[in-house]
Amino acid sequence: MPKKVIAIDGPAGAGKSTVARQVAKRLNYLYIDTGAMYRALTLKALKMHIPLTDWDLLTKLAQETKIELLSKNDKIIVICDGQDVSEEIRKPEVSQNVSLVALIPGVREKMVEAQRQMAKKGGVVMDGRDIATVVLPQADCKVFLTASVEERALRRYKELVEKGYQEPLDKVKEDIYRRDLLDKEREVGPLMQSPDAVLIDSTGLSIETVVEKILSLCGEGE
Ligand code: CDP
């Protein structure tokens, strides 16, 4: 069977990465977490104390930065300029600032180009905000995955607690809400459902149920 391209978009904390990783595993496809790329660049900019309002400098930074996504024992390893940043890119400071970096057109141009390269051979599941609309409009299967803001905040809160971060639930919810707003309102590659994407609201659904729904939508169900 020819290898397909599966695009999964949606707001923060909708469970895209968990679901996308499992869909990729079931099909023996490559999973590409595009959010991790924006996070890696944001982490680098924060470490270098670059003001996130300096779009020219951040565009230049995106052009000079090498970001690689590797798959190891079912986990995605994110390498930025040769260093493993997989854990660090998940810290709250990065989550709180990433949307400011992701709205810069020059940054997006560089990221989209790299993402298209990675998907060139097919057999990929890619998740993000603009995958079905901008990065891979020719994708075979397009899903817009969402959930209520309460559930998304709770999921993210639990993840953070597991990683040892002490963020109050209200703050996590506020951050998610603010990030979604910035992602939806930006000029280039905004978060939106592609007209040809299927909407899945995962509120109250298990990961397995969502994975099965996506597989059957893509004609790969049991
Ligand atoms: O995992 P979570 O839902 O928190 O977000 P993520 O997928 O790691 O993405 C982090 C941020 O990167 C998003 O809030 C967007 O600002 C940006 N992003 C984007 O602009 N375009 C993408 N294709 C993926 C992520």
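Start at 1 with the first residue, then count along the sequence. Just so you know, ligand 1 is whichever comes first in the structure, and atom 1 is the first atom listed for that ligand.
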Nitrogen or oxygen of D33 less than 3.5 angstrom from that of ligand 1: no
Closest approach of any protein heavy atom to atom 10 (C) of ligand 1, naming residue and atom: R179 NH1, 3.4 Å
Side chain, backbone, both or neither: the part of R129 lying under 4.0 Å from ligand 1 by heavy atom: both
Spatial distance of atom OG1 (T34) from atom NZ (K16) [nearest 0.5 Å]: 8.0 Å
Per-residue contact class, K16 against ligand 1 - non-hydrogen pairs under 4.0 Å: side chain
Heavy atom of the protein closest to atom 24 (C) of ligand 1 (residue, atom name, distance): T34 OG1, 3.3 Å
Non-hydrogen atoms of A36 and V78 that approach each other most closely: CB-CG2, 3.8 Å
Under 3.5 Å: N/O of G13 near N/O of ligand 1: yes
Any donor-acceptor N/O pair, D130 side chain to G189 backbone, under 3.5 Å: no
Ligand 1 versus R156: contacting region, heavy-atom distance under 4.0 Å: side chain
Ligand-side contact atoms (ligand 1) for residue partner R186, heavy atom cut-off under 4.0 Å: 16 (O), 19 (C), 20 (O), 21 (N)
Atom 21 (N) of ligand 1 [closest protein heavy-atom partner, distance rounded to 0.1 Å]: R108 NH2, 3.0 Å
Which segment of K184 sits under 4.0 Å of ligand 1 when only heavy atoms are counted: neither
Test applied, side-chain contact (heavy atoms from CB on, under 4.5 Å); reference residue, T203; option that passes from E151, E150, R152: E151
Euclidean distance, I131 CD1 relative to Q115 CD, rounded to 0.5 Å: 5.0 Å
Atom indices of ligand 1, in the order listed, that fall short of 4.0 Å to a heavy atom of V98: 10 (C), 11 (C), 12 (O)
Pairwise side-chain contact, R39 with L43, heavy-atom cut-off 4.5 Å (strictly under): no
Over all atoms of both residues, closest heavy-atom pair of I89 and S86: CG1-O, 3.4 Å
Of the listed options A12, P11, G35, closest to atom 9 (O) of ligand 1 (non-hydrogen atoms): G35
Ion pair check, K171 and D175, cut-off under 4.0 Å: yes
Polar atom proximity, D183 to ligand 1 (N or O, under 3.5 Å): yes
Heavy-atom check, side chain of L136 versus side chain of M126, under 4.5 Å: yes
Side chain, backbone, both or neither: the part of R39 lying under 4.0 Å from ligand 1 by heavy atom: side chain
